[in-house]
2 protein chains.
Amino acid sequence: MRTLLVERAARMLADREPVTLRALVEGTGASTMAVYTHFGGMPGLWSAVRQEGFTRLAGRLAAVPRTADPVHDLVALGVAYARNALDAPELYRAMFDARADLADALAADATFDRLVDAVARARDEGRLSPATDPRALATQYWAAGHGLVSLVVQGVLPAGGLAPLATRTAVALLTAAGDEPDRCRASVERAWAAG
Amino acid sequence: MRTLLVERAARMLADREPVTLRALVEGTGASTMAVYTHFGGMPGLWSAVRQEGFTRLAGRLAAVPRTADPVHDLVALGVAYARNALDAPELYRAMFDARADLADALAADATFDRLVDAVARARDEGRLSPATDPRALATQYWAAGHGLVSLVVQGVLPAGGLAPLATRTAVALLTAAGDEPDRCRASVERAWAAG
DNA sequence: GAGTATGACATAGCAGCGCTATGTTATGGC
DNA sequence: GCCATAACATAGCGCTGCTATGTCATACTC
């Protein structure tokens, strides 16, 4: 029942239908009380929906294959992140809703750790400077990507502009972290071409 | 009456009071109809509040002095942007609310143009590569800053972490655009120290 | 200057919202 | 067999944004 309601909410979100208590339970056979027994109320439901969003994102990132090029793999995570957001923009907006407490999204930590590990690997394999702080660079990388994706999802930037802007930003951040510019650019562009 | 209601809404936002139709007009002597005669409804009010937010931001950016160092001035705009957001986080969240149509915020264009001009000046004065596309770099710069500020406003990143992360990102973007690394770092850090 | 159109105001009440109080039913432990 | 517990349905509360309606002042027309 929990999963049924969460998935129905995600679908209504994707269909741009307003997710209200009564509209959510309609057709499920359940009554409005189901939301309170399982989630404690609408805020709890939204929290579960965000969890679901982060879980789906984690699944996408986990599906990114590991290749011999750690910088390529790092960028491939960003590409997967962007595709996940653009495939379900309403869910992405719900995940980062202004009035949401992101602290309740444990799955968010898992996805971020995946990014930190990818940075650490690129450093350990010599592509990035040994002085690189994986958490700091991952945060910069995530923030820049999140900023770009948010502006696209919100309609400020055209979707077609995302790839070139993200490419430039990724190259800038990674070369500043010590990667060799030409090699970096090749890795980044290959990741975007593959995604 | 328009400005009175908008400013009251901004103040309620800052005070973390829920901005509802009845709560907004209470104490102003006006009735709920005032919102409909002046704004056409609550969405219109929110649009006006966002306009007000962008106007205040434009005022902050306009107050940033022009110095002899164009890269310093560019970063100073970013510092002013961040300070504006952190001084009124609820207003910032309303400005970039997920369900807001940012197209109605004409003042947003003005603030972005200010950033584009600063990039163009840095290029024309030889600090950045002549091949630099001011709009593209300004967009990268804004997206990265917006991403970082959003995460801080949302409580994901601690406020104290903003300056070092923004510094690193700014240096990465500007050196990738052709600025000399040491000189760039000095300009960036001076701008953060001054702000 | 009288008549009137227009815009801003107040009042009352609508449907919808999230939520809760209450009653009912099914399941599992002793 | 008894009962505690959890999940369900129903009804209704207070609040939301919004609208229908009436009033009033201003300003424009002739």
Side-chain angles (χ1 to χ4, degrees), chain A residues 1-53 90-91 93-105 154, chain B residues 1-53 89-105 154:
Chain A
M1 195 71 207
R2 258 191 76 98
T3 59
L4 174 73
L5 287 176
V6 169
E7 284 173 7
R8 180 170 166 82
R11 164 157 293 173
M12 292 176 71
L13 219 45
D15 294 345
R16 286 190 159 67
E17 302 169 19
V19 181
T20 68
L21 177 62
R22 288 168 178 77
L24 177 67
V25 299
E26 194 169 0
T28 63
S31 81
T32 60
M33 275 306 292
V35 173
Y36 291 86
T37 55
H38 292 292
F39 305 99
M42 287 301 282
L45 173 76
W46 284 113
S47 176
V49 168
R50 285 194 296 274
Q51 285 283 4
E52 170 70 14
E90 299 298 325
L91 183 56
R93 279 153 65 138
M95 285 163 62
F96 291 98
D97 189 282
R99 58 205 175 295
D101 184 9
L102 234 59
D104 64 2
Q154 216 153 8
Chain B
M1 196 70 208
R2 258 190 76 97
T3 59
L4 173 74
L5 286 176
V6 169
E7 283 173 7
R8 181 170 165 81
R11 163 157 293 174
M12 292 177 71
L13 220 44
D15 294 345
R16 286 188 161 68
E17 301 170 20
V19 181
T20 69
L21 178 61
R22 287 169 178 77
L24 177 66
V25 298
E26 193 169 0
T28 63
S31 80
T32 59
M33 274 305 293
V35 174
Y36 292 85
T37 54
H38 292 292
F39 305 100
M42 287 302 282
L45 173 76
W46 284 114
S47 175
V49 168
R50 284 194 296 274
Q51 284 283 5
E52 171 70 13
E90 298 299 325
L91 183 56
Y92 186 82
R93 279 153 64 138
M95 285 162 64
F96 291 99
D97 188 281
R99 57 205 176 297
D101 184 9
L102 234 61
D104 64 3
Q154 217 153 8

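On a predicted model such as this, the values are computed, not experimentally measured, just so you know. Quick note on labels: first sequence line is chain A, next is B, and so on, each numbered from 1.
- Rounded to an integer number of Å, the gap from CE of M42(A) to C1' of dG16(C) is 13 Å.
- When the P atom of dT16(D) is taken as reference, atom CG of L24(B) falls 12 Å away, rounded to whole Å.
- With a 6.0 Å radius and a threshold of 12 heavy atoms from other residues, nucleotides or ligands, E17(A) has its CD atom above the threshold.
- Close to dT20(C), at under 4.0 Å from its OP1 or OP2, lies no side-chain N or O of Y36(A).
- The two residues T20(B) and M42(B) make their nearest non-hydrogen contact at C-CE, 4.2 Å.
- The interatomic distance linking L5(B) (CG) with dC9(C) (P) rounds to 9 Å, in whole Å.
- No side-chain donor-acceptor contact under 3.5 Å links E90(A) to the backbone of R11(A).
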Under 3.5 Å, which protein N or O atoms sit close to an N or O of nucleotides 8-12 of chain D? Give each pair with its distance.
residue : atom : partner : partner atom : Å
dC8(D)  : OP2  : H38(A)  : NE2          : 3.1
dA9(D)  : OP1  : G29(A)  : O            : 2.5
dA9(D)  : OP2  : S31(A)  : N            : 2.4
dA9(D)  : OP2  : S31(A)  : OG           : 3.0

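- Side-chain contact between W46(A) and D97(A): absent, with no pair of heavy atoms (C-beta onward) separated by less than 4.5 Å.
- Distance CZ (R2(B)) to P (dA8(C)): 11 Å, rounded to an integer number of Å.
- Atom CG of L21(A) and atom C1' of dT20(C) are 12 Å apart (whole Å).
- Counting to the nearest Å, the C1' atom of dA7(D) and the CG atom of L4(A) are 15 Å from each other.
- Rounded to an integer number of Å, the gap from CH2 of W46(B) to P of dT16(D) is 13 Å.
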Return a table of donor-acceptor pairs under 3.5 angstrom between the side chains of residues 30-38 of chain A and protein atoms on other chains or two or more places apart.
residue : atom : partner : partner atom : Å
S31(A)  : OG   : M33(A)  : N            : 3.2
T37(A)  : OG1  : M33(A)  : O            : 3.4
T37(A)  : OG1  : A34(A)  : O            : 3.0

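- Within the 3.5 Å criterion, the main-chain N or O of L24(A) finds a donor-acceptor partner in the side chain of R8(A).
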